Novice: 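Input: one structure, supplied below.
First the proteins, then the strands, lettered A, B, ... as listed; each starts at 1. Bear in mind the structure is a predicted one, so any value in this text is a computation, not a measurement.
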Amino acid sequence: MKRCVHDALSRVIGGLEGTPAGFEAELMACARPEQGDLATNCALQLARHLRRNPREIAADIVGKLQSLRICDGHIASVEIAGPGFINFRFSTAYWHQALDALLAAGEGYGRSAAHAGARALVEFVSANPTGPLTVGHGRNAVLGDTIANLLEWTGFQVTREYYFNDAGRQMRVLGASVRGRYHETLADPDHVLAHMPKVAAHRAGYTTKCIGDADAPVTVASAFPDDGYLGTYITEIAAQLAEAHGADLLEAADERTFTQAAKQAIFADIESTLERLGIAMDRFFNEGSLYESGAVRQTLRDLCAKGVVYERDGAQWMKTSTLGKEKDTVLVKSTGEPTYRLPDMAYHRDKYERGYDVMIDIFGADHIATYPDVLRALRVLGYDTDRIRVVIYQFVSLMRAGAEVKMSTRMANYVTLDELIDDVGTDVTRYFFLMRSAQSHLEFDLDLAREASDKNPVFYLQYAHARICSILEKAREVGFSLDSETRLDLLIHEAELALIRTLVEFPDVITRTAAALEPHRLATWLRTAAEAFSRFYHSCRIIGEERPLATARMALAQGTRTVLKNGLDVLGLRAPDRM
RNA sequence: GUGCCCGUAGCUCAAUUGGAUAGAGCGUCUGACUACGGAUCAGAAGGCUGGGGGUUCGAGUCCUCCCGGGCACGCCA
């Protein structure tokens, strides 16, 4: 419908004297239903070019449109309003047809093939395995997964990828932390292995020390690193090692065994948390593989060949100062070890070579200043960086007892994503992260979490869905059923038409939400759909009406159910038949 | 100090990307069930969109300068 109006408008506008070449009329929904269904501001925009009064231009356009008799007569009226808007109103028959199409499409309603054949990569979470996922990672995970869903709904073939680094200093510290806790575990005189001579000898030489904040010092084994990870999960991993290996690891030459065990345990934990949220990664990409394949070295060589790398103080620098940044950037430290940026560049290069049409990165606000370096390098290497889209989300601030909780994985000062899910459930967790735009700061009061979850908007959506299921079932029990005879043209009540008008927006909402990579648009829109249904429900009955009207309304309820179900699906939320 | 994000109703947030009278939820107040699910619905109150200037037919949205908050500015990742 939009296209047909647009085509007609283009023909008329093209015929006006003074229209600039390439002028495209913009069409949008009317601000208010009483104004009409579709509006264009083209007369306002043309006023400058044509040097004429906008309302006069509008009148001219409307006159010519009427002589064309556009859109199979489905335009009920065309009016000029305000400073020169042109408002189109569709016929009721058009809305009935649109509902019919919705019902025919069913669970595919809202899907489009706009990007069929194209491949997209969504990289998200990408937390290094140093601890459990926190609430902050939750926002990343849910955003990424939902954006991936949205891309699938617009036709993309999507790969969900998790990028991680299991080497380097932080992993060594992690392993050393586990080793420290392992020593502590065996130092406990109540431990089952306490009688072993080797353990007893170890206990004799066991000493502790204090680390951490001055006002909250923690006593740990002397083998525990000063900048070690203090979370209880470290102790649990250590206990498991004590169980599996007994005292055999006391003389371990380095921390690699501990690192390896920690990595495995933590990844298992991360994956199970993601699974609880309904998230399944297609691939875990190890940064280390980029070293093994030589991709990191090759990237450095290629950047050198482009003349953007130089040496100073024994380190390799990239001339980012000539590429729109204030300072230059270190790619390889004087120790010969690359900074994380270089493998990151190699990684994105790898994505290009795998042939993705669109590559999406979900990053927290802390990456805001660093990811442009990667894009700069890629541009230098000749890649089209328009294919990369970076979604930056602001951090979640957590409130507990009226005060903000400062998060630090190392200091074990955090709220895990699992705890949040335990508290409010998966649907509330997901919806909570999706209902606001990514770039707005999000405040979450843990004390109110459970209480607030009772009135969380997600229940409003699910309730509407469950109620529709119940109504349809009841209607079938009294002998009504949907069939090809259903007369949608009986739906003329204001609440019925308002509901249809809303439902039919759904495919467009999906398209726009996907294009903007902003899931909150769908989340907030779904509420308006559920509201439109509630209004309909309160003013129009099904059971008790004559069969033709009752079945027509059943069809409308069914259509609403489809839209709610599909919308909830995209957001990764359950659409329960009963609650 | 420099760069990026943000500032909208008492609170938490929207606003179709520059459109018409800035909208929802929570909270507050007033109403509605002999009813297919009341986890509902109808209505009210609540706003100088942080402040000043600018751009134009038109600004919460764009440019600029202040004020306030967040994040980042390392040969850490």
Novice: Could you check which nucleotide pairs with B:A35 in any of the strands shown, counting Watson-Crick or G-U wobble with both distances under 3.5 Å?
Specialist: none
Novice: Provide the distance between the two P atoms, one in B:G25 and one in B:C41, to the nearest whole Å.
Specialist: 8 Å
Novice: Applying side chain to side chain contact (heavy atoms under 4.5 Å, CB included), can you list everything that pairs with A:T335, at least two apart in sequence or on another chain?
Specialist: A:K333, A:E337
Novice: Please report the distance, rounded to the nearest Å, between NE2 in A:H538 and C1' in B:C41.
Specialist: 4 Å
Novice: Determine whether the side chains of A:H348 and A:D361 contain a donor N or O and an acceptor N or O closer than 3.5 Å.
Specialist: yes
Novice: Can you tell me the pairing partner of B:C4 across any strand shown, Watson-Crick or G-U wobble, with both distances under 3.5 angstrom?
Specialist: B:G70
Novice: Syn versus anti for B:U30, judged by chi lying within 90° of 0?
Specialist: anti
Novice: For the side chain of A:I368, counting heavy atoms from C-beta on, which of B:C71, B:A77, B:U40 is nearest?
Specialist: B:C71
Novice: Would you jot down, in residue-number order, the residues of residues 162-170 of chain A having a non-hydrogen atom under 4.0 Å from RNA chain B?
Specialist: A:N165, A:Q170
Novice: Mind checking salt bridge (charged side-chain N to carboxylate O under 4.0 Å, His left out) for A:E255 and listing every partner two or more places apart, or none if nothing turns up?
Specialist: none
Novice: May I ask which nucleotide in the shown strands pairs with B:G58, Watson-Crick or G-U wobble, both distances under 3.5 Å?
Specialist: none
Novice: NA contact type, A:C469, heavy-atom cut-off 4.0 Å: base, sugar-phosphate, or nothing?
Specialist: nothing
Novice: Rounding to the closest angstrom, what is the interatomic distance between B:U56 and B:C63 at atom P?
Specialist: 15 Å
Novice: When all nucleic acid strands are considered with a 4.0 Å heavy-atom cut-off, which category describes A:H520: base, sugar-phosphate, or nothing?
Specialist: sugar-phosphate
Novice: Looking only at atom C1', what distance separates B:C5 and B:A9, rounded to whole Å?
Specialist: 24 Å
Novice: Any salt bridge (charged side-chain N to carboxylate O under 4.0 Å, His left out) pairs touching residues 464-483 of chain A, not counting sequence neighbours?
Specialist: A:E473-A:R578
Novice: Which residues within residues 495-510 of chain A lie with some heavy atom under 4.0 Å of an atom in RNA chain B?
Specialist: none
Novice: Does a side-chain N or O from A:Y340 land closer than 4.0 Å to OP1 or OP2 of B:C75, or not?
Specialist: no
Novice: Would you list the atom pairs, donor with acceptor, under 3.5 Å between side chains in residues 39-46 of chain A and any protein atom, with sequence neighbours excluded?
Specialist:
unit_1 : atom_1 : unit_2 : atom_2 : d
A:T40  : OG1    : A:E26  : O      : 2.9
A:T40  : OG1    : A:C42  : N      : 3.2
A:Q45  : NE2    : A:E26  : OE1    : 3.4

Novice: Rounded to the nearest Å, what distance is computed from the CG atom of residue A:L331 to the C1' atom of nucleotide B:A77?
Specialist: 15 Å
Novice: Using atom P of each nucleotide, how far apart are B:G47 and B:G58 to the nearest Å?
Specialist: 27 Å
Novice: Does A:S334 or A:S437 map to a spot on RNA chain B nearer the 5' end, using the closest nucleotide for each?
Specialist: A:S437
Novice: Need one value for A:N53: base, sugar-phosphate or nothing, where a base atom within 4.0 Å counts as base even if backbone is also close, heavy atoms only.
Specialist: nothing
Novice: When we call it a touch if two heavy atoms are under 4.0 Å apart, what does A:R476 touch: a base, just sugar-phosphate, or nothing?
Specialist: nothing
Novice: Taking only the side-chain nitrogens and oxygens of A:Y371, find out if one of them lies under 4.0 Å from OP1 or OP2 of B:C4.
Specialist: no
Novice: Quick test of your reading of the model: are A:D227 and A:R169 salt-bridged, counting only N-O distances below 4.0 Å?
Specialist: yes
Novice: Indicate whether OP1 or OP2 belonging to B:C41 is found under 4.0 Å from a side-chain N or O atom of A:S534.
Specialist: yes
Novice: When you measure from the side-chain N and O atoms of A:K325 to the phosphate of B:U2, is any distance below 4.0 Å, counting only OP1 and OP2?
Specialist: no
Novice: Select base, sugar-phosphate, or nothing to describe what A:A47 touches, counting heavy atoms under 4.0 Å on all strands.
Specialist: nothing
Novice: Side chain of A:Y463 only, heavy atoms from C-beta on: which candidate in B:C73, B:U12, B:G38 is closest?
Specialist: B:G38
Novice: How would nucleotides 17-30 of chain B be written as a contact map, 5' to 3', with B for base contact, S for sugar-phosphate-only contact and - for no contact, using protein heavy atoms under 4.0 Å?
Specialist: B-BBB-SSSSS---
Novice: Please, which pairs that meet ring-ring contact (aromatic ring centres under 6.0 Å, His included) have at least one residue in residues 494-525 of chain A, sequence neighbours excluded?
Specialist: A:F506-A:W525
Novice: Hey, which sits more toward the 5' end of RNA chain B by its nearest nucleotide, A:D328 or A:F395?
Specialist: A:F395
Novice: Using atom CD of A:E56 as one end and atom C1' of B:C57 as the other, report the distance to the nearest whole Å.
Specialist: 14 Å
Novice: Which whole number of Å gives the distance between the C1' atom of B:U49 and that of B:G68?
Specialist: 16 Å
Novice: Under the side chain to side chain donor-acceptor pair (under 3.5 Å) test against A:K263, which residue among A:N128, A:D166, A:T130 passes?
Specialist: A:D166
Novice: Which residues pass the ring-ring contact (aromatic ring centres under 6.0 Å, His included) test with A:H367, sequence neighbours left out?
Specialist: A:F363
Novice: Quantified in whole Å, what is the C1' atom distance between nucleotide B:U12 and nucleotide B:G7?
Specialist: 14 Å
Novice: Between A:Y460 and A:R527, is there a cation-pi geometry (under 6.0 Å to ring centre, at most 45° from the normal)?
Specialist: yes
Novice: Looking at B:A14, which nucleotide sits across from it as a Watson-Crick or G-U wobble partner, both distances under 3.5 angstrom, or is there none?
Specialist: none
Novice: Does a side-chain N or O of A:R341 approach OP1 or OP2 of B:C75 to a distance below 4.0 Å, or not?
Specialist: no
Novice: One thing to verify: whether A:R341 and A:D344 come together as a salt bridge, which I'm taking to mean a side-chain N less than 4.0 angstrom from a carboxylate O.
Specialist: no
Novice: By the 4.0 Å heavy-atom rule, please label A:T339 as base, sugar-phosphate, or nothing.
Specialist: sugar-phosphate
Novice: For nucleotides B:C75 and B:C71, find the distance between their C1' atoms and express it as a whole number of Å.
Specialist: 23 Å
Novice: Quick one: list whatever passes side chain to side chain donor-acceptor pair (under 3.5 Å) with A:T429, sequence neighbours left out.
Specialist: none
Novice: Quickly work out the A:H493 NE2 to B:C41 P distance and round it to whole Å.
Specialist: 16 Å
Novice: Of the listed nucleotides (B:C41, B:A14, B:C6), which one gets closest to any side-chain atom of A:H441?
Specialist: B:C6
Novice: Who does B:C29 pair with, Watson-Crick or G-U, both distances under 3.5 Å?
Specialist: B:G43
Novice: With sequence neighbours excluded, what pairs up with A:A127 under the side chain to side chain contact (heavy atoms under 4.5 Å, CB included) test?
Specialist: A:V125, A:L133, A:H137, A:Y162
Novice: Enumerate the salt bridge (charged side-chain N to carboxylate O under 4.0 Å, His left out) contacts for residues 428-442 of chain A, please, sequence neighbours excluded, ordered by first and then second residue.
Specialist: A:D145-A:R430
Novice: The side chain of A:K327 is closest to which nucleotide in this list: B:C5, B:A15, B:C73?
Specialist: B:C73
Novice: Could you check A:T329 against A:T320 for side-chain hydrogen bond (donor to acceptor under 3.5 Å, both in side chains), going step by step and ending with a plain yes or no?
Specialist: CA-CA 6 Å; A:T329 310; A:T320 42; 2.8 Å; yes
Novice: Using the P atom as the point on both nucleotides, what is the distance between B:U64 and B:G46, in whole Å?
Specialist: 36 Å
Novice: Across the strands shown, which category fits A:Y537 at heavy-atom distances under 4.0 angstrom: base, sugar-phosphate, nothing?
Specialist: base
Novice: For B:C48, give its Watson-Crick or G-U wobble partner with both distances under 3.5 Å, or none.
Specialist: none
Novice: Considering only side-chain heavy atoms of A:F459, which listed nucleotide, B:A39, B:C4, B:C36, is closest?
Specialist: B:A39
